[in-house]
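If you're wondering where the values come from, they're calculated on a predicted model, not measured in any experiment.
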Amino acid sequence: MLAILCGVRPMGRSTGPIFWLLLATVLLVLLQLVPLPPSLWAALPGREFLLSAPLSQETWRPWSLAPSTTINAASSLIVPVVTLYLVSAMPQEERAWLPAIMLGAIFLSMLVGLLQFSGFIIDNPFINDSRGSVGGTFANRNHFALFLAMGCLIAPVWAFAGKQSARWRAPVALALMTLFALIILATGSRAGILTGLLALALGLALCWHNVRRALHGAPRWVFPTLIAAIIGVIALFILVSIAADRAESVRRAFEIDPGQDMRTRGLPTVLSMIAAYFPAGAGFGGFDPIFRLHEPFQLLKPTYFNHAHNDFLEIVLDGGLPALLLMLVAIGWYGMASMRAWRGSGRHSVLPKLGSAILFLVFVASAFDYPARTPMMMAMIVIAGLWLCPIRQRP
């Protein structure tokens, strides 16, 4: 609101596909709130159980089966909209600070997780977290682990890819990557192990040429020795953490039977729900009440299944065929833009590669969870998308 009052002009058209994909997403969610004529609404799949309700043949109903949750989903989109507005309005010299700002936010969240790991209880009324878990500023340990994995990507870029990358940044980045990796192990997130390993590998790949350029003139053995030392230091700390029984993620990966995991047990029900409501969808944000209508007795337990824990499937369940087509368009654009980014070379190709790597981690994590539905991740996704599709400068 302050930016609008101050007359800050965004560059909507120059943000390319990001603007149009976000606009299409907002319009699709809002379209589900438009009341439909009774005859049209009754023709939508999966609505049969409401047709016997009183006055059901006379009431205009929205596309969504749970309008209140769809309103909440629509209101949550203010985060990516505002992020797109503010970042697209920033001049180039200010956008250069974004990696450092994002790395600082991840570091502060890591400090909160470190306090939780040490036994300090943080009762945050704004976060519906599990008491005693290591989740940082997130309610979900998987989301926190993904946030830390993003730090493993941003840290080497911040250290080596800047215009004036100081020498002190390299050891600081190595220390941060090591801390991020250790806290990922402490979270107990099994998916975090995968995203963390991918982030460490991609982080080194992002700055491979920058490190070689920094060592220009040094003996040939220095570069491979340095890379081996970095990998060795991180691996050593991880092994010490495992040996000291402080790697909760590794322990959970071996002790929990995947067949008893709710993600696996609930998958057949989720697939049957998709088939029941396709191609119209059940409505964005309404997974919890809709799942309770279809939940079999053998899945009943004291806690509830709040999401499908596979965001690709849940998007199809929520939005049906329109959401599926929009998701395929977004993935297709990501694939083409990523190929262009990774084929490029030079200093100006680092941020597009970083944006591609961050979005790749989100895609991987979305196969096991729902990170893109949290506000912080929404902002990170928009920034990563803008890096992948660089903003053209004003003339």
Flag side-chain contact, heavy atom, 4.5 Å: [X] against [Y]:
X: I290; Y: D318; result: no
X: V87; Y: R95; result: yes
X: L206; Y: P156; result: no

Rounded distance [0.5 Å steps], [atom1] in [X] versus [atom2] in [Y]:
X: L23; Y: L84; atom1: CG; atom2: CG; result: 10.0 Å
X: L103; Y: C152; atom1: CG; atom2: SG; result: 10.0 Å
X: M177; Y: I154; atom1: CE; atom2: CD1; result: 11.5 Å
X: M378; Y: S76; atom1: CE; atom2: OG; result: 4.0 Å
X: L44; Y: R61; atom1: CG; atom2: CZ; result: 12.0 Å
X: L148; Y: L179; atom1: CG; atom2: CG; result: 10.0 Å

Which pairs, with at least one residue in [range] and sequence neighbours excluded, count as a salt bridge (charged side-chain N to carboxylate O under 4.0 Å, His left out)?
range: residues 29-43; value: none
range: residues 357-369; value: R263-D369
range: residues 324-334; value: none

Apply ring pair (Phe, Tyr, Trp, His ring centres under 6.0 Å) to [X] and list each qualifying residue two or more places apart in sequence or on a separate chain.
X: F144; answer: none
X: H307; answer: Y370
X: F363; answer: Y334

Under the side-chain contact (heavy atoms from CB on, under 4.5 Å) test, which residues partner P268, sequence neighbours left out?
->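 Scan of P268 (side-chain contact (heavy atoms from CB on, under 4.5 Å), adjacent residues dropped) gives none.
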
Please name all residues satisfying side-chain contact (heavy atoms from CB on, under 4.5 Å) with I381, sequence neighbours left out, ordered by chain then number.
->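 Expected list: L359, V362, A372.
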
Same cluster or not: are [X] and [Y] linked, directly or through other Ile, Leu, Val, Met, Phe, Trp or Tyr residues, by side-chain heavy atoms under 4.5 angstrom apart?
X: L328; Y: M336; result: no
X: L30; Y: W60; result: no
X: M339; Y: V350; result: no
X: L324; Y: F312; result: yes
X: F291; Y: L293; result: yes

Carefully, step by step, assess W158 and M102 under the rule side chain to side chain contact (heavy atoms under 4.5 Å, CB included).
-> CA-CA 10 Å; W158 167 78; M102 295 166 68; over 6 Å; no

Which pair of non-hydrogen atoms, one from [X] and one from [Y], has the smallest distance, and what is that distance?
X: T69; Y: G285; value: CB-O, 3.1 Å
X: M380; Y: M150; value: CE-SD, 3.5 Å
X: N142; Y: S189; value: OD1-OG, 2.6 Å
X: I383; Y: L98; value: CG2-CD1, 4.3 Å
X: P322; Y: P279; value: CD-O, 3.6 Å
X: P99; Y: A96; value: CD-O, 3.5 Å

With N310 via side-chain hydrogen bond (donor to acceptor under 3.5 Å, both in side chains) - residues at least two apart =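 Listed in chain order: nothing, the list is empty.
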
What's in the same ILVMFWY side-chain cluster as W97, cut-off under 4.5 Å, chained through other members?
->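 For the cluster that includes W97, the remaining residues are I101.
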
Is a donor on one side and an acceptor on the other found under 3.5 Å between the side chain of [X] and the backbone of [Y]?
X: W63; Y: A280; result: yes
X: R373; Y: P371; result: no
X: Q32; Y: F284; result: yes
X: S338; Y: G335; result: no
X: S356; Y: P352; result: no
X: R265; Y: Q298; result: yes

Summary of side chain to side chain donor-acceptor pair (under 3.5 Å) pairs that have at least one residue in residues 274-288, sequence neighbours excluded |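 Checked against side chain to side chain donor-acceptor pair (under 3.5 Å) - neighbours excluded - the pairs reaching residues 274-288 are Y277-H294, D288-R292.
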
Under 3.5 Å, side-chain donor or acceptor atoms of residues 191-202 against the rest of the protein: list the pairs with distances, not counting sequence neighbours.
{"unit_1": "T195", "atom_1": "OG1", "unit_2": "A191", "atom_2": "O", "d": "3.3"}
{"unit_1": "T195", "atom_1": "OG1", "unit_2": "G192", "atom_2": "O", "d": "3.2"}

Could you walk me through whether W387 and I358 pass the side chain to side chain contact (heavy atoms under 4.5 Å, CB included) check?
-> CA-CA 10 Å; W387 281 340; I358 289 176; 4.0 Å; yes

Which one of I315, L321, T25, I331 satisfies the side chain to side chain contact (heavy atoms under 4.5 Å, CB included) criterion with L326?
->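 Exactly one candidate clears the test, T25.
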
Step-by-step side chain to side chain contact (heavy atoms under 4.5 Å, CB included) determination, C389 to W333 = CA-CA 10 Å; C389 179; W333 166 80; 3.7 Å; yes

Is the number of heavy atoms from other residues, nucleotides or ligands within 6.0 Å of CE (M327) greater than 12?
->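 More than 12 within 6.0 Å, yes.
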
For side chain to side chain contact (heavy atoms under 4.5 Å, CB included), just list the numbers for F147 and M110, CA-CA rounded to whole Å, side-chain angles, deciding distance to a tenth of an Å, and then say yes or no.
-> CA-CA 9 Å; F147 198 50; M110 184 211 66; over 6 Å; no

